Structure formats: C-alpha cells, structure tokens
Amino acid sequence: MKDAKTVTADGKHFELAANIGTPKDVEGVNDNGAEAVGLYRTEFLYMDSQDFPTEDEQYEAYKAVLEGMNGKPVVVRTMDIGGDKELPYFDMPHEMNPFLGFRALRISISETGDAMFRTQIRALLRASVHGQLRIMFPMVALLKEFRAAKAVFDEEKANLLDEGVAVADNIQVGIMIEIPAAAMLADQFAKEVDFFSIGTNDLIQYTMSVDRGNDKVSYLYSAYNPAVLRAIKHIISEAKKAGIQVGMCGEAAADPKLIPLLLYWGLDEFSMSASYVLKSRKLVTDTDIQSLKDMEEAVMALESESKVRAFLEERC
Ligand code: PEP
Ligand code: MG
C-alpha cells in the first residue's frame with residue numbers, strides 16, 4: 001500500500017496525509033507513504049523552547065519540513081496555544097474556562113500576540129520557497145478573525161517582497177473548522193478561504209459542550225453523535241458547493257467506521273497519525289463509493305450516538 005494510489009474501487013482519488021508535531025516526524029510521514037502533511041501543529045515549537053522561538057529558528061523548522069516532503073503539500077497550522085497548552089515564558093492570566101478563552105488565533109490577532117504572530121508568518125513566508133506551503137488558522141469563529149489574520153499575512157508578504165526576500169506566490173490560506181459557529185457559516189467562509197480542515201477533536205468538544213479531557217463526561221465525546229455527523233456533512237457539502245478543498249485532521253479522519261461516510265460525502269483529504277495511513281489506504285482502495293448510498297441514508301436517519309455506533313460496528 002505504501003506506493004499505491006489512494007483510489008477507491010470505483011476510481012475516485014483522495015489524499016491521505018499525516019499529522020506532525022516536529023520536523024523529525026517527517027521521516028515517519030514518508031515511511032508510511034503519506035501524500036502530504038495535513039496538519040503541522042507548530043505549537044510544539046513554542047512548547048519545546050525556553051523562550052519565544054525566533055524567526056530564524058522557525059524558518060529552519062518550516063524549511064526542514066517542506067524540504068523533507070519534497071514538493072508535496074504541507075499544511076502548517078499557526079500556533080494553537082492556550083486551552084490545555086501553556087507556555088512557561090508567556091504570561092497568560094488564569095481563566096475559568098481556558099478552552100473557551102484567550103487562545104490560538106484569538107491570541108495571534110490580539111495586541112498581545114501581534115508581534116509573535118507576525119514573526120511566525122514571516123518565518124512561514126520565507127520558508128514557502130522550499131516546497132508547497134499551505135497555512136491554516138486554528139479556532140476561527142468569525143469571518144473578521146480570518147480577515148484580520150489574512151491581513152497580517154498580506155502585510156508581511158508585502159514587507160518581505162519590499163525587502164527583496166523571495167516568497168512563493170501560490171501559498172494557500174485556509175482555516176480549521178472546529179467551532180460550531182464556523183461550521184454553520186461554512187458557506188460564507190468558503191467564499192473567502194482557500195480550504196477547510198475539519199478539526200473534529202475540538203468540533204466534538206464544542207458541539208457537545210463537553211471537555212475533551214474529562215472522563216466523567218466522556219459519554220458525550222463522540223464523533224458518532226448525529227449532531228456531529230450533521231455538522232461534518234454540512235461543512236463538506238458547503239466546501240464542495242464553493243469548489244474549495246476540504247480535509248479533516250481530527251482523530252475521526254482515521255476511524256475506519258467513519259471513513260466510508262466521509263468518502264461518500266466527498267472529503268478530499270484525510271490527515272491522521274502516520275501509523276494509520278497504510279491501513280486507511282487499504283480501506284479506501286477496497287471501497288466502492290456508489291454502493292454507500294443506502295448506508296449513508298440509514299446512518300443519517302438514526303437518532304442517537306449509540307445507534308450510530310452499533311450500526312457502524314456491525315457493518316465493519
Ligand atoms: C482538532 O481540534 O481536531 C485538531 C486537529 O486540533 P487539536 O487536536 O490540536 O486541537
Ligand atoms: Mg483543535
């Protein structure tokens with residue numbers, strides 16, 4: 001399966017990508033035959049550092065990943081700090097609800113985070129000439145948040161070009177869809193962004209109002225919940241209507257029970273831990289999408305997480 005194409009039995013191509021946390025992970029991505037990096041979680045660069053990583057340090061990391069992928073797409077997520085991810089050198093006030101608070105893109109586009117964000121964007125823009133870079137912003141709820149972040153991208157690109165620094169002219173800029181507000185407004189976002197990547201880890205958390213790390217309420221934390229499935233189907237369908245690429249980089253993308261549904265809905269890119277890529281490719285190549293219509297209709301008519309789970313388990 002390593003060098004096989006990710007094509008279904010009825011001839012449709014999908015992209016199988018891998019999630020990484022550091023440049024070292026690229027080796028595993030290639031060893032497992034992934035076609036792209038679908039999520040580079042750059043916050044590890046910040047978390048593994050004693051102080052804010054400099055523009056040059058970041059440039060080296062991004063360049064290493066782009067070069068390691070040899071021209072294959074690399075989706076880099078701008079830093080997703082906050083929630084459960086703290087930085088010892090960044091003084092963040094204690095919050096009652098950190099997952100709902102000052103985190104991720106909300107920091108990046110604030111006065112507090114502006115300099116940090118511009119440093120990251122400049123490093124990414126400089127690295128862009130070493131491969132096929134895509135940038136995505138985490139935790140977007142509002143169009144104006146995306147526009148603010150995109151404006152920083154445009155400004156820093158213009159600054160670098162003025163300084164005579166080369167920047168690729170084909171960098172796609174997209175968003176993670178992991179907040180229900182963005183899922184519901186997917187049609188409006190799709191007019192402005194280059195791509196979506198569905199972050200089911202957080203989309204489940206926020207759709208179900210359930211802390212993703214709390215065992216006591218884990219019965220609520222499931223992608224099989226009909227509300228979550230409808231949200232995913234809606235996001236994919238709006239992306240298709242607008243003609244933009246839609247991927248998924250949350251854990252659900254590697255779930256063999258969900259992959260057939262996602263294929264049926266037309267998810268373009270599946271990004272997962274590298275160790276799942278080959279198994280997933282086998283599943284995709286064995287699947288005939290046209291034969292899934294009845295299954296999809298039956299699943300989407302079910303009323304509860306347990307019924308969906310039981311149905312999909314029996315099928316697998
Ligand atoms: C997600 O929320 O699905 C995701 C991929 O991001 P993270 O798990 O880093 O929040
Ligand atoms: Mg997330």
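What you are looking at is a predicted structure, and each value in this text was computed from that prediction instead of being measured. Each ligand, and each atom within it, is numbered from 1 in the order the structure gives.
Nearest non-hydrogen protein atom to atom 1 (C) of ligand 1 is N201 CB, 3.3 Å. If you check which protein heavy atom lies closest to atom 7 (P) of ligand 1, you get R41 NH2, 3.5 Å.
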*After noting the C-alpha distance and the side-chain angles of D162 and K157, does the key distance pass the salt bridge (charged side-chain N to carboxylate O under 4.0 Å, His left out) rule?*
CA-CA 9 Å; D162 276 354; K157 183 173 171 185; over 6 Å; no
*asked:* For a side chain to side chain contact (heavy atoms under 4.5 Å, CB included) check, start with the C-alpha distance between F102 and T112, then their side-chain angles and the critical distance, and finish with the verdict.
replied: CA-CA 10 Å; F102 190 50; T112 321; 4.0 Å; yes
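In this comparison of E178, K85, M248, the heavy atom closest to atom 2 (O) of ligand 1 sits on E178.
Relative to the ring axis of Y221, R212 does not place its NZ or CZ within 45° and under 6.0 Å from the centre.
No side-chain heavy atom of Q132 sits less than 4.5 Å from a side-chain heavy atom of K72. Residues L229 and M300 form a side-chain contact, since some pair of their non-hydrogen atoms from C-beta on lies under 4.5 Å apart. Between F311 and M295 there is a side-chain heavy-atom pair separated by less than 4.5 Å. Under the 4.5 Å side-chain criterion, counting only non-hydrogen atoms from C-beta, E15 is not in contact with D268.
Residue contact annotation: R77 has a non-hydrogen atom under 4.0 Å from ligand 1. Contact between E251 and ligand 1 is absent, with no heavy atom of the residue lying under 4.0 Å from the ligand.
Heavy-atom neighbours of E314 CD from other residues, nucleotides or ligands within 6.0 Å: at or below the threshold of 12.
Annotation: protein N, O or S atoms under 2.8 Å of the Mg ion (ligand 2) (waters excluded) comprise E178 OE1, D202 OD2.
Contacts of R212 with ligand 1, taken as heavy-atom pairs under 4.0 Å, involve the side chain alone.
Side-chain contact, T6 with E35: a donor N or O sits under 3.5 Å from an acceptor N or O.
Interface atoms of ligand 1 facing L39, defined by a heavy-atom separation under 4.0 Å, are 5 (C). Interface atoms of ligand 1 facing C249, defined by a heavy-atom separation under 4.0 Å, are 5 (C).
In terms of N/O distances under 3.5 Å, ligand 1 is not approached by E43.
With sequence neighbours left out, E163 forms a side-chain contact (heavy atoms from CB on, under 4.5 Å) with R122, N159, L160, V165.
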